[in-house]
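In what follows, a structure is listed as structure tokens, so that the remarks can point back to it.
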Amino acid sequence: MTCLAYFPDTQEGRQVLKLLRKAFDARLVFTVSTSASDGAGDVALNDVELKTTTERDARNGYPDRGYLSRVRKQLATKGIY
């Protein structure tokens with residue numbers, strides 16, 4: 001599986017990216033969910049928001065003003081600072 005996410009090339013963006021890497025290495029970013037209908041396993045985000053498109057109006061679109069702050073909070077709940 002490949003997942004592409006967008007971050008600003010700023011000091012804060014690079015800091016959040018380091019935190020995400022730390023969470024990824026700790027296996028906290030993704031999880032395997034099981035389908036109720038067929039029991040198949042699917043890889044899903046584990047309560048960590050990623051911006052996967054550059055379309056502003058899309059649900060997962062970047063830029064998004066509050067994104068980096070939200071991701072920091074999401075990672076903090078997983079013990080990543």
Would you please classify the geometry between the Y67 ring and the F7 ring as parallel, tilted or perpendicular, with 30° and 60° separating the classes? tilted
Tell me, do P8 and Y62 make a side-chain contact under 4.5 Å, heavy atoms counted? yes
Heavy-atom neighbours of Q15 CD exceed 12 at 6.0 Å: yes
Within 6.0 Å of CZ in R70, more than 12 heavy atoms from elsewhere: yes
For residues G41 and V32, report the shortest heavy-atom separation together with the two atoms involved. CA-CG1, 4.0 Å
Which heavy atom in D47 sits nearest to a heavy atom in Q74, and how many Å separate them? O-CB, 3.7 Å
Treating Ile, Leu, Val, Met, Phe, Trp and Tyr as nodes and any side-chain heavy-atom pair under 4.5 angstrom as an edge, say whether L20 and Y81 lie in one connected cluster. no
Calculate, to the nearest 0.5 Å, the distance between atoms [atom1] and [atom2] belonging to [X] and [Y] respectively.
{"X": "N60", "Y": "E55", "atom1": "CG", "atom2": "CD", "answer": "10.5 Å"}
{"X": "L19", "Y": "I80", "atom1": "CG", "atom2": "CD1", "answer": "7.5 Å"}
{"X": "T77", "Y": "L28", "atom1": "OG1", "atom2": "CG", "answer": "9.5 Å"}
{"X": "L68", "Y": "K51", "atom1": "CG", "atom2": "NZ", "answer": "10.0 Å"}
{"X": "L50", "Y": "L45", "atom1": "CG", "atom2": "CG", "answer": "5.0 Å"}

N/O donor-acceptor pair under 3.5 Å between K78 side chain and N46 backbone: yes
